[in-house]
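Structure, as structure tokens:
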Amino acid sequence: MKSMQTLKNKKDSNVRVRFAPSPTGFLHIGGARTALFNWLYAKKTGGTFILRIEDTDTARHQENTIEPIFDSLRWLGINWDEGPGKGGDYGPYRQSERTHIYQDYAQRLLDDRKAYYCFCSPEELKEKRDAAAKKGLSFKYDRKCFGIPLEESRERIKNGEPSAIRILAPDDGTIEFDDMIYGKIKVNTENLDDYVIMRSNGLPTYNFSVAVDDALMEITDVIRGEDHLSNTPKQILVYRALGFSLPGFIHLPMILGKDGSKLSKRHGAVSVGFYREEGFLEEAMVNYLALLGWSYDEKTTIFSVPELIEKFSLEGIGKKPARFDYDKLLWMNGYYIRTLPAERIKPLIEKRVRDFLENADRSRIIIKTDEISERIDRIMPLISMRIKTISESISRIYPFFISVEYNEQLKEYFKNKEISAQNVLEKTIDSIKEIGNEEDFNSSVLEEKIHKLCEDLDIGIRKLTEVLRIALWADKVSPPLFETMAILGKDETLKRLAKYLKAIDGK
RNA sequence: GGCCUGUUCGUCUAGUGGUUAGGACAGAAGGUUUUCAACCUUCAAACAGGAGUUCAAUUCUCCUACAGGCUACCA
């Protein structure tokens, strides 16, 4: 292990925190929040943020299940100072590559009689557990294998008998630690049993590997979900047995689903990747996540990342579990879409538009490829305050790029209305034709024309625009009409008015 | 079942031994308006329950209820 000196040169503090996901194929909302808080704390203190992969369960983890987690972290802007792909003086950073380390430390425990081999089969244990449950008792390992002399155990292992290693939990006494959020936690050791630290396949279990790694990686503050609060005493057993000193513990309140139960797939999307695909901005995601269990003052809800780094503090973390409120996230995303500079949002929309056109009926496309970018520039101010996600943008603006079709309902929409849609369309066409060149075909000229037309026809502007809106947009809702016409251009505008006129002919 | 933890508007939360208990989302009403949004104004909305400590408890203590977590050779 290298000295801290090299790190101290790079960092302003000794704070070392880590995010330790297990490769599940995606980054969970709760995990993202944990990662964010660790990262913010590191940034705030000038400390080091470490990424460690907890992949000790080979049965469940395949290699490619970690990449999406890296992607999501990077997307959120949570980059790590040490970890996979980054290196560091405390590696390797995948637990699957640290097996020999756990075996070594387990061996020390064995030699010190602080751990012992266990030959009980999983089936046998399950039976005992079930029997205890049936009697309404809590199961605690009966130390059946504790008495087996080490030499005999080694002999049996040499003969091929499968064995696990259990840590010896003290019979009496208490484990006590200070959680920075939840305060003093005290547990009587009689509630702890001799749990397995090394499986029969030679790999460590979570509570062992996490303690060994946090100690060896010199983690100063363990920031993780409250679901680990109950595991902490078990890990402290390891720290004690191995003579490691304790890090600070900061347990974050859980994130629950809308109904108050643990956030899971049935609550809808729980992966960060989903929100990214849905068109949520990382700014909104980070801001929202930061507010789940943390708050700064009584009024501020919008925080940029630099502001979060500046204002974040462990003291602001609450202890009450928070429900994940999709509506508020949506609102916040909409807020960022309409507030952030257009150049930040435009590429995201442009990508969606190009993907959309890629799959669109070519005969309906009304725009040249090299005109898309400029058109989006003009559309942006019309929709930025109307969408809450980027993915939603397509449904709002596609008629700017492909021709419209009217369904039966729209064709008959004005059938028995007091106004004559035919008349409105014809008069509008005449009026618009009067506008000279394309340059004059702008929203203010159009607005003037249409208002004048209303007067001439003695008809309310709402009535008139309703007709035009359906004709131009094939919908009862559209971006502001005059701007829309200007963007579509004179030809396309006239084409659509005529098309709708024809569509309602005889209706 | 055992152990651990939590409980302020529907939701995220601020807050204090004496406050009109504050903000944000969502909701309602109104304004603005070419639709829809956005924006502005206003309204409604909370200290889980019960004891105790105290001159005074939402705030401190205990109990109950409810909720969540852990209780695996998962993490």
Side-chain angles (χ1 to χ4, degrees), chain A residues 20-24 54-57 59-61 95 118 120-122 125-126 129 132-133 135-140 162-166 179 181-183 185-188 190-193 195-201 203-207 209-210 225-234 251 253-254 256 258 260-262 288 291-302 318-332 334-335 338 382-388 396 447 450-451 454 460-466 468-470 473 475-482 484:
Chain A
S22 63
T24 53
E54 309 222 322
D55 55 352
T56 58
D57 186 357
R60 285 164 43 141
H61 305 316
Q95 292 189 327
C118 174
C120 299
S121 70
L125 292 166
K126 187 175 187 309
R129 220 186 318 271
K135 278 188 249 170
L137 299 168
S138 66
F139 174 79
K140 199 175 154 185
S163 70
I165 300 173
R166 287 180 184 274
D179 184 272
I181 310 299
Y182 292 97
I185 308 290
K186 211 190 268 184
V187 178
N188 198 313
E190 70 190 24
N191 293 313
L192 265 29
D193 75 346
Y195 69 92
V196 170
I197 58 172
M198 293 296 284
R199 295 181 269 229
S200 51
N201 64 4
L203 298 176
T205 59
Y206 169 74
N207 284 121
S209 60
V210 78
E226 194 249 38
D227 46 342
H228 291 297
L229 196 58
S230 307
N231 286 324
T232 309
K234 293 181 214 164
H251 286 93
M254 300 293 284
L256 309 175
K258 191 131 189 123
S261 67
K262 192 177 180 178
Y288 181 70
L291 258 18
L292 243 30
W294 174 83
S295 65
Y296 175 65
D297 61 14
E298 54 178 27
K299 36 194 59 162
T300 321
T301 45
I302 299 297
K319 30 178 81 166
K320 187 186 143 196
R323 299 186 189 203
F324 186 80
D325 186 353
Y326 184 83
D327 284 340
K328 189 152 184 175
L329 208 210
L330 247 196
W331 164 78
M332 195 171 273
Y335 174 84
R338 61 183 181 266
L382 304 189
I383 56 154
S384 64
M385 78 288 271
R386 286 169 229 273
I387 56 173
K388 291 198 167 13
R396 299 234 175 209
E447 182 166 8
I450 300 300
H451 277 287
C454 286
I461 180 88
R462 284 163 187 263
K463 297 272 181 211
L464 194 142
T465 53
E466 188 177 32
L468 302 185
R469 179 164 285 114
I470 289 175
W473 210 252
D475 201 335
K476 282 148 78 178
V477 178
S478 80
L481 261 195
F482 309 126
T484 296

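Proteins come first, then strands; the chains are lettered A, B, ... in the order of their sequence lines, and each starts at number 1. Fair warning: this is a prediction, and the values are worked out from it, not measured in the lab.
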| said: Quick check on RNA chain B: between A:I461 and A:F324, whose nearest nucleotide comes earlier from the 5' end? | reply: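 Nearest nucleotide further toward 5': that of A:F324.
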| Comparing A:K258 and A:K319 on RNA chain B - which has the more 5′ nearest nucleotide |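 In this pair, the answer is A:K319.
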| side-chain contact (heavy atoms from CB on, under 4.5 Å) with A:K476: which residues, sequence neighbours excluded? |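 A:Y413, A:I470.
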Nearest to the side chain of [X], heavy atoms from C-beta on, is which of [options]?
X	options	result
A:I185	B:rU5, B:rC3, B:rA75	B:rU5
A:K234	B:rU71, B:rG2, B:rG69	B:rU71
A:D325	B:rC4, B:rC25, B:rU35	B:rC25
A:K320	B:rA72, B:rU34, B:rG6	B:rG6

| request: Indicate yes or no for a side-chain donor-acceptor contact from A:T205 to the backbone of A:V196 under 3.5 Å, with no hydrogens or angles considered. | output: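 Answer holds: yes.
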| field | OH/A:Y335: more than 12 non-hydrogen atoms of other groups inside 6.0 Å | value |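 Check fails, neighbour count at 12 or below.
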| task | Step through the shown structure and confirm whether more than 12 heavy atoms of other residues, nucleotides or ligands are within 6.0 Å of NZ on A:K140. | result |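 Check passes, neighbour count above 12.
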Considering only atom [atom1], compute the distance from [N] to [M] and round it to an integer number of Å.
N	M	atom1	answer
B:rC25	B:rC73	P	49 Å
B:rG23	B:rA14	P	15 Å
B:rU11	B:rA45	C1'	12 Å
B:rG18	B:rC12	C1'	28 Å
B:rU61	B:rU54	C1'	12 Å

Rounded to whole Å, please give me the gap between [atom1] in [X] and [atom2] in [N].
X	N	atom1	atom2	result
A:D227	B:rA72	CG	P	16 Å
A:D327	B:rC12	CG	P	13 Å
A:M332	B:rU11	CE	C1'	13 Å
A:W473	B:rA37	CH2	C1'	14 Å

Partner of [N] by Watson-Crick or G-U wobble geometry, both contacts under 3.5 Å, or none?
N	result
B:rC47	none
B:rU19	none
B:rC3	B:rG69

| task | List in chain and number order the residues that pass ring-ring contact (aromatic ring centres under 6.0 Å, His included) with A:Y195, two or more places apart in sequence or in another chain; answer none if no residue qualifies. | result |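 Listed in chain order: nothing, the list is empty.
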| Quick one: ring-ring contact (aromatic ring centres under 6.0 Å, His included) partners of A:Y288, sequence neighbours excluded? |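 Residues passing ring-ring contact (aromatic ring centres under 6.0 Å, His included) with A:Y288: A:F324.
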side-chain N/O [X] vs [N] OP1/OP2, d < 4.0 Å:
X	N	value
A:T56	B:rA75	yes
A:R462	B:rU35	yes
A:S230	B:rG69	no
A:K476	B:rU35	no
A:R129	B:rG1	no

| field | Residues A:S478, A:D475; criterion side chain to side chain donor-acceptor pair (under 3.5 Å); working and verdict | value | CA-CA 7 Å; A:S478 80; A:D475 201 335; over 6 Å; no
| request: Find out whether A:L291 and A:M332 are in side-chain contact, i.e. whether some heavy atom of one side chain is under 4.5 Å from a heavy atom of the other. | output: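 Counting from C-beta outward, A:L291 and A:M332 do come under 4.5 Å.
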Identify the pairs formed between an N or O of the protein and an N or O of nucleotides 21-23 of chain B at a distance under 3.5 Å, and give each distance.
unit_1 : atom_1 : unit_2 : atom_2 : d
B:rG22 : N2     : A:E298 : O      : 3.1
B:rG23 : O2'    : A:K299 : O      : 3.4

| said: Base contacts versus sugar-phosphate-only contacts with protein, heavy atoms under 4.0 Å: please encode nucleotides 38-45 of chain B as B, S and - from 5' to 3'. | reply: SS------
| query | Of all residues at least two apart in sequence or in a different chain, which pass the salt bridge (charged side-chain N to carboxylate O under 4.0 Å, His left out) check with A:D179? | reply |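 None.
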